[in-house]
Protein chains: 2
Amino acid sequence: MTGAGAREAVEDQVFAALANATRREVLRLLRDGGPQPVQALADHFDMRRPSLSEHLKVLRDAGLVSEQRSGRQRIYRLEAAPLAEVQDWLHPYERFWRERLKGLGELLDRMPDDGAT
Amino acid sequence: MTGAGAREAVEDQVFAALANATRREVLRLLRDGGPQPVQALADHFDMRRPSLSEHLKVLRDAGLVSEQRSGRQRIYRLEAAPLAEVQDWLHPYERFWRERLKGLGELLDRMPDDGAT
DNA sequence: TTGACATGTAGGGAATCTCCTACCTATCGT
DNA sequence: ACGATAGGTAGGAGATTCCCTACATGTCAA
């Protein structure tokens with residue numbers, strides 16, 4: 001049953017992983033700086049390394065990064081596929097903010113009531 | 001201080017709000033069913049109404065829904081603007097999954113040195 | 001082999017999340 | 001005014017998060 005419930009769980013994991021500034025910053029560092037060992041990432045944070053290790057685990061579990069061992073280092077790499085799924089999730093909402101930005105929805109949606117301007 | 005830190009906090013709130021299947025379902029219901037009172041939303045969930053009320057508060061605080069009172073009902077409406085910001089956040093990552101899907105990134109990224117082909 | 005280095009894991013504490021059962025407030029119909 | 005309806009708020013239990021300090025594991029260098 002690789003059905004609907006499974007997808008929800010995956011989305012939970014991805015959104016939850018993104019709901020943290022440190023983890024988003026890790027993704028940005030991997031995006032802008034390319035694959036890096038943990039040490040290099042850790043330099044950017046005011047946090048003990050084991051804590052960062054746990055953030056990396058969250059990102060790994062969400063499929064947002066992968067690790068590749070190289071000697072005693074582990075090179076982390078951005079894996080953007082789950083972000084593509086986030087974009088897919090966003091798609092059906094797109095027309096709502098486009099409407100809003102055109103300034104049409106603002107008026108149309110609020111018509112039904114309100115007489116005291 | 002409406003600078004960088006503030007934006008991070010807002011993104012935290014939005015992503016955290018989205019990191020829950022119930023809240024994403026509320027957004028979907030408002031998207032597909034239009035503005036609705038709490039009762040109508042509650043019918044879709046196997047959860048006590050006060051709990052749903054709290055989810056609505058989280059969505060309100062994240063700016064993802066707005067409420068408009070109408071008699072003793074409160075009509076909730078989807079507010080998609082924060083989702084537009086999520087899409088903006090995604091943009092810089094887009095090339096990564098596009099590369100990957102084309103099968104190019106796989107090779108390029110793993111090059112020891114930055115081979116500028 | 002011994003030691004230093006790079007990283008993960010264990011366990012714990014404070015804060016937060018998510019659900020619950022009361023309970024409070026405001027509005028409608030009679 | 002009265003009861004019923006729509007919805008939020010308070011307070012609490014149990015799970016989870018996020019940070020920490022130890023400690024374990026694996027690899028390189030001498």
Side-chain angles (χ1 to χ4, degrees), chain A residues 5 8-27 29-30 33-77 112-116, chain B residues 5 8-27 29-30 33-62 64-77:
Chain A
E8 290 250 296
V10 169
E11 279 171 351
D12 263 24
Q13 263 191 316
V14 173
F15 280 120
L18 297 178
N20 178 284
T22 297
R23 290 191 293 261
R24 286 196 305 279
E25 179 67 3
V26 167
L27 295 181
L29 288 167
L30 293 177
Q36 297 169 51
V38 178
Q39 196 87 289
L41 295 169
D43 289 345
H44 295 268
F45 298 99
D46 192 26
M47 176 188 298
R48 303 296 170 172
R49 207 197 26 72
S51 303
L52 181 61
S53 253
E54 280 161 17
H55 283 303
L56 289 172
K57 177 170 169 52
V58 172
L59 290 170
R60 250 184 289 128
D61 290 349
L64 285 161
V65 303
S66 63
E67 82 170 24
Q68 171 207 342
R69 295 172 193 220
S70 168
R72 51 185 149 176
Q73 301 188 130
R74 306 199 185 182
I75 310 300
Y76 277 83
R77 168 193 313 277
D113 110 298
D114 176 29
Chain B
E8 290 250 295
V10 169
E11 278 170 351
D12 263 24
Q13 262 191 315
V14 173
F15 279 121
L18 296 177
N20 178 284
T22 296
R23 290 193 292 261
R24 286 197 304 278
E25 179 67 3
V26 166
L27 295 181
L29 289 166
L30 294 176
Q36 298 169 50
V38 178
Q39 196 86 284
L41 295 169
D43 289 345
H44 295 268
F45 298 99
D46 193 26
M47 177 188 296
R48 302 297 170 172
R49 206 193 29 68
S51 301
L52 182 61
S53 254
E54 282 162 16
H55 283 303
L56 290 172
K57 177 169 171 51
V58 172
L59 291 170
R60 251 184 290 126
D61 290 349
L64 285 161
V65 304
S66 62
E67 84 170 21
Q68 169 206 347
R69 295 173 192 221
S70 169
R72 52 185 150 179
Q73 300 189 131
R74 307 199 184 183
I75 310 300
Y76 277 83
R77 169 193 313 278

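Naming convention: chains lettered A, B, ... in sequence-line order (proteins, then strands); numbering from 1 in each chain.
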Side chain to side chain contact (heavy atoms under 4.5 Å, CB included) partners for B:Ala16, two or more places apart: A:Ala19

Any A:Glu67 side-chain heavy atom under 4.5 Å of A:Arg60 side chain: yes

Check: A:Leu64 and A:Val26 side chains under 4.5 Å, non-hydrogen atoms: no

All side chain to side chain donor-acceptor pair (under 3.5 Å) counterparts of A:Glu25, not counting sequence neighbours: A:Arg28

With A:Glu54 via salt bridge (charged side-chain N to carboxylate O under 4.0 Å, His left out) - residues at least two apart: none

Counterpart residues, side chain to side chain contact (heavy atoms under 4.5 Å, CB included), relative to A:Val38 (two or more places apart): A:Arg49, A:Leu52, A:Leu56, A:Tyr76

Rounded distance in Å - CG (B:Leu56) to C1' (D:dG7): 10 Å

Minimum heavy-atom distance between A:Pro35 and A:Ile75, given as atom pair plus value: CB-CG2, 3.6 Å

A:Gln68/A:Arg77 under side-chain contact (heavy atoms from CB on, under 4.5 Å): CA gap, chis, key distance, verdict: CA-CA 8 Å; A:Gln68 171 207 342; A:Arg77 168 193 313 277; 3.4 Å; yes

Spacing between B:Asp61 atom CG and D:dG8 atom P, to the nearest angstrom: 12 Å

Residue pairs involving residues 13-24 of chain B (criterion salt bridge (charged side-chain N to carboxylate O under 4.0 Å, His left out); sequence neighbours excluded): A:Glu11-B:Arg24, A:Asp12-B:Arg24

Along DNA chain C, first and last positions that approach a heavy atom of chain B under 4.0 Å: C:dT18 to C:dC28

Protein proximity profile, nucleotides 24-30 of chain D - base contact B, sugar-phosphate-only contact S, no contact -, cut-off 4.0 Å on heavy atoms: ---BBS-

Any B:Tyr76 side-chain N or O less than 4.0 Å from OP1/OP2 of D:dG8: yes

Separation of atom CD1 in B:Ile75 from atom P in D:dA6, rounded to whole Å: 12 Å

Minimum heavy-atom distance between B:Leu41 and B:Leu29, given as atom pair plus value: CD2-CB, 3.9 Å

N/O contacts under 3.5 Å, protein versus nucleotides 17-21 of chain D?
| from | atom 1 | to | atom 2 | distance (Å) |
| --- | --- | --- | --- | --- |
| D:dC18 | OP1 | A:Asn20 | ND2 | 3.3 |
| D:dC18 | OP2 | A:Arg23 | NH1 | 2.9 |
| D:dC18 | OP2 | A:Arg23 | NH2 | 3.4 |
| D:dC19 | OP2 | A:His55 | NE2 | 2.3 |
| D:dC19 | N4 | A:Glu54 | OE1 | 3.2 |
| D:dC20 | OP2 | A:Arg48 | N | 2.9 |
| D:dC20 | OP2 | A:Ser51 | OG | 2.8 |
| D:dC20 | N4 | A:Glu54 | OE2 | 3.3 |
| D:dT21 | OP2 | A:Arg48 | NE | 3.4 |

